[in-house]
Every structure is written in C-alpha cells, then in structure tokens.
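Keep in mind it's a predicted model, so treat the numbers as computed, not measured. To find a chain, count down the sequence lines: A is the first, B the second, and so on, and within it residues start at 1.
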Amino acid sequence: MEAIFGILISALLTQNFILVKFYGICPFMGVSKKIDTALGMGLAVTFVMALASAACYGINLILIALNLEYMQTVVFILAIASIVQVVEMFLKKSVPALYKALGVFLPLITTNCAVLGVVLVNVQQGYNFLLSTINGAAGGLGFTLAIVLFASIRERVNRSECPECFKGFPIALIAAGLLALSFMGFSGLSIF
Amino acid sequence: MNFKRQFREGLLTKNPVTVQLLGMCSTLAITTSLFNGIGMGLAVTAILTCSNILIAALRNFIPSQIRIAAYITIIAGFVTVVDLLLKAFIPALSQSLGVFIPLIVVNCIILGRAEGFASKNTVLASAVDGICQGIGYTLALVIMCVIRELLGSGTFGGGLLNGGEGIRLIPSQFPAMQMVMPVGGFLTLGFVIAGSQWLMKHLDIKNKKKEAAK
C-alpha cells in the first residue's frame with residue numbers, strides 16, 4: 001500500500017513526468033495551445049501508458065526467459081506502436097467522437113517519450129505487474145495535470161505583449177520554466 | 001545537392017533544436033554538463049547519419065503504408081547498437097545519460113529527418129543531411145550546456161576537463177543551483193531560441209541591405 005501511494009505522489013507531483021523528468025516535452029509544447037485538446041491528449045496518453053506498462057511487463061518476462069534483454073528497446077517500441085494502433089482502431093469503431101477530437105495526435109503518441117520512458121523506468125526499477133501498471137497510469141495523470149495547467153497559462157500568455165524575438169515558442173518555454181519552478185516546491189513531499 | 005546550403009541549414013536556419021523545435025526532451029534533460037552535451041550530440045549524430053543512410057538506400061523498397069513502423073525498427077536497431085557500445089566503452093557517459101540513450105529511439109529529430117528528407121533523397125545527400133543536422137543538434141546542446149553549467153555549477157567542461165571536475169569560473173558559493181535543475185532547462189532553452197530568432201532576423205536585415213546596395 002505504502003509503495004503504491006509513494007508511486008502515485010511521486011509520479012503526479014514530486015517527480016512529475018514533464019516538469020521534473022522531461023519525458024514527453026514534444027506533445028507538451030505541441031498540443032498545449034487549447035485546454036480541451038490538451039485534456040484529450042493527456043487522457044489518451046494516460047490510457048496508452050497504463051496499457052503499455054502492463055503489456056511490456058509481460059513482454060519483458062518473455063525476453064528474460066529467452067535471454068534477449070538487449071532487444072528491449074526495439075521490442076518495446078514495436079509493442080507501443082502496435083498498442084497505439086489498436087487503441088486508434090478501437091476508438092474509431094466504438095467512440096468516434098473522441099477519435100475525431102484527438103485526430104492526428106493519436107498516432108503521435110507512439111513517439112511520445114513518456115510512454116517508452118515509463119516502460120524503461122519500470123524495468124529498471126524492477127516493479128511488479130501491479131506497480132508497473134500504476135506507475136504508468138500515475139505518470140500519465142501527471143502528464144495530464146502538467147499539460148492542462150500549461151495550456152491554461154499559455155492561452156493567456158499568447159494574448160499578452162512581449163519582445164519581438166520572444167514571441168511564440170521562447171516565451172512559452174519561459175512560462176513552462178516558471179511552472180517547473182512551482183513544481184519544485186513539491187520536492188519537500190518526497191517520500192523515498 | 002548543395003552541401004554548403006545543407007550545412008548552413010543544419011547549423012542555423014533550420015537548426016533541429018532552435019528552429020524545427022524537435023528533440024526537446026533530451027535537449028532539456030541532459031544539458032547539465034559539457035560532457036553530457038557532447039556525448040549525447042555525438043550519439044545522436046551517429047545514429048541519425050546511419051539511419052538516414054539506410055533509410056535512403058531502402059527508400060524504394062519500403063511500402064509507404066508501413067514506412068513509419070519500418071523507420072522506427074531501423075532507428076531502434078541503431079540505438080541499441082550505440083547503447084551497447086557506450087555501456088561497454090564509455091560507461092561513465094552511459095551512466096550519466098541513463099534512460100535518455102534508449103529514448104533516442106523516440107527523438108523526433110531522427111524520425112523527422114527520415115520522413116522529411118531521407119525518404120525522398122539519395123544516399124549521399126541523406127548522409128550529409130544526417131551529419132549537418134547532427135552537428136546543429138550538438139551545437140545547440142553545447143550552447144545550452146555551457147550556459148547552464150556556468151550559471152548552475154560555476155564551472156566549464158564538467159566531466160571532461162580538469163579530471164572531471166571542470167574549470168571553476170565562479171566561486172562555489174555563488175552559482176544558482178536552479179539552473180542545472182528542470183527550471184533552468186526551460187529558461188535557458190527559451191533564451192537560446194529567442195537569441196537564435198534575433199540572430200536570424202539580424203542576418204536577414206543585413207542580407208536585404210546588401211541586396212539593396214547592389
């Protein structure tokens with residue numbers, strides 16, 4: 001129980017996937033122009049991360065049994081790509097509204113380093129099946145929290161004035177820096 | 001192909017980090033010492049060049065429906081090779097970059113160049129493109145490292161010079177630790193991109209003035 005709580009707190013706040021560990025910066029910058037799309041992306045990533053963590057735990061057992069641990073990176077990324085593909089087909093068939101809302105962002109989840117990152121961290125930390133899945137889901141929720149917060153800040157930043165050469169991306173990065181600074185405040189919560 | 005133009009594009013006008021805004025994760029995460037920056041830059045350059053060459057060579061054989069999966073498999077293969085080589089020969093670098101070495105697989109620079117360049121151009125041009133973009137990436141990393149290391153730890157060349165400690169430029173009680181922490185990553189990258197935008201605008205105005213004078 002204690003381990004589960006520790007993983008939840010650290011993935012959400014103290015070791016937030018985006019703002020502290022820097023996994024998944026590309027979608028964080030790319031899909032954070034509007035709160036709705038940011039939320040949709042966050043939830044889709046959470047789902048894929050939990051699923052990928054669970055699946056890759058099993059796959060890793062097979063790799064270890066076959067003495068093929070050095071193939072981890074290749075096999076994991078292929079597994080993630082197929083999971084994303086399956087999720088895409090499933091959503092298209094049964095939840096077309098969500099599928100339309102996510103649009104082009106769905107296939108891009110494959111190249112989100114948060115997904116491969118969480119799978120590799122699970123393996124490195126030697127988490128069991130339950131902890132791996134929880135770490136995946138909690139990491140995804142941390143991603144969602146950060147991207148939604150950032151999207152709401154960015155909507156305001158885009159309307160305010162700033163020096164010419166800071167327009168667009170640089171000022172957004174500086175806003176992200178300040179958000180990361182506030183997340184540093186959580187480091188006192190550290191349980192580990 | 002115009003190699004000089006490719007070089008210029010990789011370094012400044014189409015720099016993967018400051019203009020195309022690709023590969024942000026590693027740029028932000030590992031730029032805390034010069035050693036990390038150069039190591040990561042060279043690893044990515046090697047993988048990018050190899051995967052560009054192979055993908056350009058196979059560009060007429062890979063069916064377009066499954067090209068992304070094929071590219072990722074090729075890239076993951078090269079990443080695994082580099083990962084194992086680093087573990088065997090430069091364990092210190094492998095240790096300090098940690099999970100960000102296998103994460104090169106999902107570095108958008110490599111997939112982006114595969115899809116945007118190598119899949120449409122000859123092997124030679126793709127190899128040059130890989131090297132130029134790689135150098136541009138390394139340059140951006142090194143600039144980030146130098147700034148963050150100087151302001152955050154007060155040293156230059158950490159991990160490389162002076163027996164790994166780096167040359168101390170600012171007495172140890174002054175540097176702001178925050179600069180080597182996540183906050184500093186975001187802030188430094190923001191300023192570096194702003195700087196490159198300013199520089200390019202400046203060069204543009206200069207070029208226009210030159211043309212007007214003619």
Just give me the residue among G185(B), P182(B), G195(B) that pairs up with chain A most often, heavy atom to heavy atom, under 4.5 Å.
P182(B)
For the residue pair K21(A) and F17(A), would you count it as a cation-pi contact if the rule is NZ or CZ under 6.0 angstrom from the ring centre and within 45 degrees of the ring axis?
yes
If you look at every heavy atom in R148(B) and G184(B), which pair is closest and at what distance?
NE-C, 3.9 Å
What part of L19(A) is in contact with chain B, defined as an atom under 4.5 angstrom from a non-hydrogen atom: side chain, backbone, both or neither?
both
Can you see which heavy atom on G23(B) is nearest to which on C26(A), and at what distance?
N-SG, 4.2 Å
Where on Q124(A) is there a heavy atom nearer than 4.5 Å to chain B: the side chain, the backbone, both, or neither?
side chain
F28(A) and A176(A) have their tightest heavy-atom pair at CE2-CB, 4.0 Å
Max heavy-atom pairs within cutoff under 4.5 Å with chain A, candidates L187(B), L103(B), I193(B), goes to L103(B)
Which heavy atom of P102(B) sits nearest a heavy atom of L116(A), and at what distance?
O-CD2, 4.0 Å
Need one label for L28(B): side chain, backbone, both or neither, based on atoms under 4.5 Å from any heavy atom in chain A.
both
If one checks every heavy atom of F169(A) against chain B at 4.5 Å, the contacting part turns out to be side chain
Would you tell me whether E149(B) and S33(B) have side-chain atoms, one donor and one acceptor, within less than 3.5 Å of each other?
no
Toward chain B, the part of T110(A) with a non-hydrogen atom under 4.5 Å
both
Against chain A, label I75(B) side chain, backbone, both or neither, depending on which of its atoms sit under 4.5 Å from a heavy atom there.
neither
Contact part of L84(B) toward chain A, heavy-atom cut-off under 4.5 Å: side chain, backbone, both or neither?
side chain
Would you mind checking which part of M200(B) comes under 4.5 Å of any heavy atom in chain A, side chain (CB onward), backbone (N, CA, C, O), both or neither?
neither
Is R67(B) salt-bridged to E115(B), cutoff N-O under 4.0 Å?
yes
